[in-house]
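Worth knowing before you read on, the calculation uses all heavy atoms, side chains too, and leaves out hydrogens, waters and symmetry mates. Per chain, numbering begins at 1; letters A, B, ... match sequence-line order.
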Amino acid sequence: MEGQVMPYWLQALLLIVSLAGIIYLTIKQAREVSRVMESQKPPRIITEVKCGDEIIKRDFQEGDYVGGPSAECEGGRVVGIYAVAESQQGEQKGRRKPLLP
Amino acid sequence: MQPVSLMGGSLPDWISAVSQLIFLVIFVLLFLGANQRLQVYVWKGDIRSKLSMIEWMAAGARRKAREYIVKNRGSDVDTLLERTIDFFIIEPVNIEPIDIIKRLDHLFNVRRLRFKEFFKDAMKDVSEVVRSRAEVAIEIAAALNYIYKVVRHLLMYGEKTKNWVLIMQLQLLMPAILQQAQTLWKAQDYFIKGVPIGDGAGPLVVYRLAGPEARWVDVDDETVAAEVEFEGRRLVLVKAKGPASSVGRPGHAVEKIVEDLIARGSKPALLLTIDAALKLEGEETGSIAEGVGAAIGDPGPEKIRFERVAAENGIPLRAIAIKMSEEEAITAMNEKVYKGVEKAVERARKIILEETRPGDIAVVVGVGNTAGIGQ
């Protein structure tokens, strides 16, 4: 019976090492996949509308294009559309109201 | 305390014997290349995991393109996808360079017209803008599908021929390939929504120079021009026709405009091209650089027209580049690029003022995809 002590001990060690390796690789892989998913989160797109001498900023709406009309004011025209940088987006978390100049 | 006795030997003796045996086996295996096989096995696992991500993106892009076409009353969508997703252009013979540009231009024209017909047949009741977005959505799905197929081919070929060097190279390239695939995947949404992309910086500069009141006229396929006055100079501004997703044919358009102006006895004093340019790592996004030559990244047929018409008529050919990364060029125009556009407008005005005199004509071309940028 005593002859089986060493193989059990070695087997346990091997098992632990293998399991640790598999868990590490799985976590590494999962992180990579989540990084891909994370990068898919769209940034905030801002539309700039010119109303007279004033520039109004609001969230992009489908159908907006530079040079196109806008309902913000009479004769309003879209003059710019751009994505807000991620760091700036982070600062604005929790207040997604239209940006006013 | 007596050491534990195991089959006539003590425990330390056994541990020592097993350790030596393991060491010996590992030593022999090293000579038989087991380490390389293990390494290749790990590399293949890494490639497969990234390949499955690319496959997922390719399938997703195809699904999104299909949904967009169906949403816009497209008919026979599966046939359209089948015909366009694997569409290819065979490069013209280049060991005989005579008229290669003409042949390349011809092939591009045939491809462009064929695609237009495919989409006109499948999406009869929608505008050109919607059709152009569907076309780009499919082009992106096709690009992702191609990346997936090439990586899969290299992996399978490496396995089949036991070429571990090929597998190693592929594994080293996978992060860059995956990044490119991710960029394409992200870009598709912006094209479908009609958001201006970074590459639209050139057309946006020209739009700003023209102002909202400019009268634009069609000068070539999907290409428009407007004439405005600036500090006593006549500016002829050229861009792709927006807000559809198109790069137009700026070379053809400029050739026509310049030849027409010369025929009327008014040779332009300056030909200025403005385009997005890939920045080097470490360079600031939205920074501006100027130089000489045609700022356009086409394979040749458009660029050569700028060079020929400028060289033949002795017109200074100047260029402004707005720097950005590849990802920034094909995803939503970010704030840094947007600010770069303002800087480029100022630089263009400065160049025009410095290099032309009142009464002169300057042709200014905004090169790039004009998605989301009208006129």
Side-chain angles (χ1 to χ4, degrees), chain A residues 1-7 9-11 13-14 21-22 25-26 28-52 57 59-70 75-89 99, chain B residues 4-7 11 14-15 18 22 42 45-46 49-50 52-54 56-57 60 129 175 178-179 181-183 185-186 189-190 192-198 200 203-204 207-208 210 212 214 216 242-244 285 327-328 331-339 341-342 370-375:
Chain A
M1 288 296 283
E2 279 183 73
Q4 291 176 348
V5 173
M6 194 177 68
W9 172 74
L10 263 179
Q11 279 176 21
L13 185 70
L14 279 172
I22 290 166
L25 289 173
T26 312
K28 203 179 153 198
Q29 182 61 33
R31 273 189 189 159
E32 201 154 11
V33 174
S34 69
R35 236 186 10 245
V36 173
M37 302 302 290
E38 190 78 10
S39 69
Q40 181 60 7
K41 283 182 188 163
R44 188 179 182 191
I45 311 288
I46 303 291
T47 296
E48 284 188 351
V49 179
K50 192 170 184 191
C51 283
K57 293 180 184 178
D59 281 334
F60 173 81
Q61 293 160 6
E62 223 162 297
D64 283 351
Y65 65 90
V66 177
S70 178
R77 202 180 262 269
V78 176
V79 289
I81 300 169
Y82 56 88
V84 178
E86 284 194 15
S87 56
Q88 207 175 323
Q89 197 185 2
L99 298 170
Chain B
V4 182
S5 174
L6 300 160
M7 293 168 73
L11 180 59
W14 270 97
I15 290 175
V18 170
I22 291 171
V42 173
D46 184 53
S49 71
K50 290 188 171 85
S52 66
M53 282 188 235
I54 296 172
W56 176 68
M57 285 184 225
V129 176
L178 188 64
Q179 199 181 15
Q182 272 177 262
T183 303
W185 189 50
K186 276 196 263 181
D189 284 334
Y190 298 120
I192 286 174
K193 284 181 190 160
V195 176
I197 58 164
L204 189 56
Y207 173 79
R208 287 279 155 84
W216 295 87
T285 295
E327 182 175 345
E328 288 164 331
T331 53
M333 184 182 288
N334 65 35
E335 215 174 352
K336 284 182 178 175
V337 175
Y338 190 69
K339 283 177 183 161
V341 166
E342 300 302 329
T370 196
I373 303 164
Q375 54 275 326

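- With a threshold of 4.5 angstrom between heavy atoms, B:Leu204 approaches chain A through side-chain atoms but not through N, CA, C or O.
- For a residue to count as touching a neighbouring chain, one of its non-hydrogen atoms must lie under 4.5 Å from one of that chain's; by this rule A:Glu48 touches chain B with the side chain only.
- Panel note: side chain A:Arg77, backbone A:Pro69; no donor-acceptor pair is recorded below 3.5 Å.
- Listed options B:Pro212, B:Gly198, B:Gly194, B:Pro243 were ranked by heavy-atom pairs under 4.5 angstrom with chain A; first place goes to B:Pro243.
- In this structure, the separation between OG1 on A:Thr47 and CD on A:Gln61 is 7.0 Å, given to the nearest 0.5 Å.
- The choice from B:Lys336, B:Lys50, B:Gln179 that makes the most heavy-atom pairs within less than 4.5 Å of chain A is B:Lys50.
- Salt bridge status for B:Glu327 with B:Lys186: present, with a side-chain N to carboxylate O gap under 4.0 Å.
- With sequence neighbours excluded, the residues satisfying ring pair (Phe, Tyr, Trp, His ring centres under 6.0 Å) with B:Tyr338 are A:Tyr82.
- For the set A:Ile81, A:Val78, A:Asp64, the count of heavy-atom pairs under 4.5 angstrom toward chain B peaks at A:Ile81.
- For chain B, the nearby part of A:Ile45 is the side chain; its heavy atoms alone come within less than 4.5 Å.
- For B:Ser49, the side chain to side chain contact (heavy atoms under 4.5 Å, CB included) criterion is met by A:Gln29, B:Asp46, not counting sequence neighbours.
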